[in-house]
Amino acid sequence: MSMFVWPIRVYYEDTDAGGVVYHTNYIKFFERARTEMLRSMGFEQDELVTNAGVIFAVRSVQVDYLSPARFNEYLSVQSSVTEIKKVSLSFAQTITRGSVECCTANIRIACLDAHSLRPKAIPENLLEQLKNEY
């Protein structure tokens, strides 16, 4: 299975008073990496809303915080698609600092109709590309 890697620099705004990445910001880092993964495949989320009438929403998150990341560190977010269904995608994501795992997550994303917010099939062209690349 292929892996998408996205670099992240820890900014002051990402940290708490102790200079450690605040726990919810790891979720933001994971979100950015998934967005960049789609972008690298030629899919912009605003265009998916306009052209296909779909949005993606987090359905579930399971996170393990393993080693703290700190201000100004250079991190790497690895993302792999672990399951592809008609209306959902599952990801395994890891944030590392060099060879040290800082945080891991299993995240399930639902595809929703942009207007009704009801489940809707992932656009076929996106599904095919995900199956081919990840």
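Quantities reported herein were computed from a predicted structural model and do not represent experimental measurements.
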Would you please test Arg34 and Glu31 for salt bridge (charged side-chain N to carboxylate O under 4.0 Å, His left out) and show each step? CA-CA 5 Å; Arg34 291 191 310 274; Glu31 177 81 28; 2.7 Å; yes

Going through the distances and angles, do Ser67 and Arg97 end up as a side-chain hydrogen bond (donor to acceptor under 3.5 Å, both in side chains)? CA-CA 9 Å; Ser67 179; Arg97 178 184 57 255; 3.2 Å; yes

Please assess Thr94 against Glu101 for the test side-chain hydrogen bond (donor to acceptor under 3.5 Å, both in side chains), listing each intermediate value before the final yes or no. CA-CA 7 Å; Thr94 302; Glu101 286 189 350; 4.7 Å; no

Run Val10 and Thr15 through side-chain contact (heavy atoms from CB on, under 4.5 Å) and show every step you take. CA-CA 8 Å; Val10 177; Thr15 64; 3.8 Å; yes

Using side-chain contact (heavy atoms from CB on, under 4.5 Å), reason through Gln78 and Thr96 one step at a time and then give a plain yes or no. CA-CA 8 Å; Gln78 295 93 30; Thr96 59; 3.1 Å; yes

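- Side chains of Val77 and Arg32 form no contact here, defined as non-hydrogen atoms less than 4.5 Å apart.
- None of Val81, Ile84, Leu126 except one satisfies the side-chain contact (heavy atoms from CB on, under 4.5 Å) rule with Lys131; the exception is Ile84.
- Without hydrogens or angle criteria, Asp113 side chain to Lys120 main chain gives no donor-acceptor distance under 3.5 Å.
- Listed for the Asn125 side chain is no donor-acceptor partner under 3.5 Å among the backbone atoms of Glu128.
- In terms of modelled atom types and a separation under 3.5 Å, the side chain of Ser80 and the main chain of Ala92 share no donor-acceptor contact.
- Within 6.0 Å of atom OH in Tyr11, 12 or fewer heavy atoms from other residues, nucleotides or ligands are found, so the atom counts as exposed in its surroundings.
- The closest side-chain heavy-atom distance from Phe43 to Pro123 is not below 4.5 Å.
- Between Glu36 and Arg39, at least one side-chain N (NZ, or NE/NH1/NH2) sits under 4.0 Å from a carboxylate O, which counts as a salt bridge.
- Residue Val87 is not grouped with residue Ile107 when hydrophobic side chains (ILVMFWY) are merged at heavy-atom distances under 4.5 angstrom, including chains of intermediate members.
- If you check the side chains of Arg108 and Gln62, you find no donor sitting under 3.5 Å from an acceptor.
- By the neighbour-count criterion of 12 heavy atoms within 6.0 Å, atom CZ of Arg9 is densely surrounded, having more than that number from other residues, nucleotides or ligands.
- The residues Arg70 and Glu73 are annotated as not salt-bridged, no charged nitrogen and carboxylate oxygen being separated by less than 4.0 angstrom.
- Hydrophobic clustering places Ile95 together with Val58 (ILVMFWY residues linked when any side-chain heavy atoms are closer than 4.5 Å, directly or through intermediates).
- Side-chain contact between Phe91 and Leu89 is present, with at least one heavy-atom pair separated by less than 4.5 Å.
- Side-chain contact between Pro7 and Tyr74: present, with at least one pair of heavy atoms (C-beta onward) separated by less than 4.5 Å.
- Summarising the geometry of Ala69 relative to Cys102, their closest heavy-atom pair is CB-SG, 4.3 Å, with the distance given to 0.1 Å.
- Relative orientation of the Phe29 and Tyr26 rings is perpendicular, given thresholds of 30° and 60° on the angle between their planes.
- Shortest non-hydrogen contact noted between Ser40 and Phe4 is OG-CE1, 3.5 Å.
- With rounding to the nearest 0.5 Å, the separation of CG in Leu117 from CG in Leu112 is 6.0 Å.
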Would you sort out whether Ser79 and Phe30 count as a side-chain contact (heavy atoms from CB on, under 4.5 Å), showing the intermediate values? CA-CA 8 Å; Ser79 305; Phe30 289 135; 5.8 Å; no

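- Under the 4.5 Å side-chain heavy-atom criterion for grouping Ile, Leu, Val, Met, Phe, Trp and Tyr, Val54 is connected to Leu130 within one hydrophobic cluster.
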Taking it one step at a time, do Gln45 and Leu38 satisfy side-chain contact (heavy atoms from CB on, under 4.5 Å)? CA-CA 8 Å; Gln45 292 197 50; Leu38 283 176; 4.0 Å; yes

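- Proximity of Phe71 to Val20: side-chain heavy atoms (C-beta onward) are nowhere separated by under 4.5 Å.
- Here CZ of Phe56 is found 4.5 Å from SG of Cys111. Values are rounded to the nearest 0.5 Å.
- Ala114 approaches Ile55 most closely through the heavy-atom pair CB-CG2, 4.0 Å.
- Lys85 NZ to Ser90 OG: the interatomic distance, rounded to the nearest 0.5 Å, is 7.0 Å.
- Closest non-hydrogen pair, Val5 versus Ser76, comes out as CG1-OG, 3.0 Å.
- No continuous path of hydrophobic side-chain contacts links Val21 to Val100 [ILVMFWY only; heavy atoms under 4.5 Å].
- At a threshold of 4.5 Å between non-hydrogen side-chain atoms, the residues Ile27 and Val61 count as touching.
- Separation of atoms CG (Asn132) and OG (Ser2) is listed at 11.0 Å; rounding is to 0.5 Å.
- Residues Val63 and Ile8 share a single hydrophobic cluster, defined by chaining ILVMFWY side chains whose heavy atoms lie under 4.5 Å apart.
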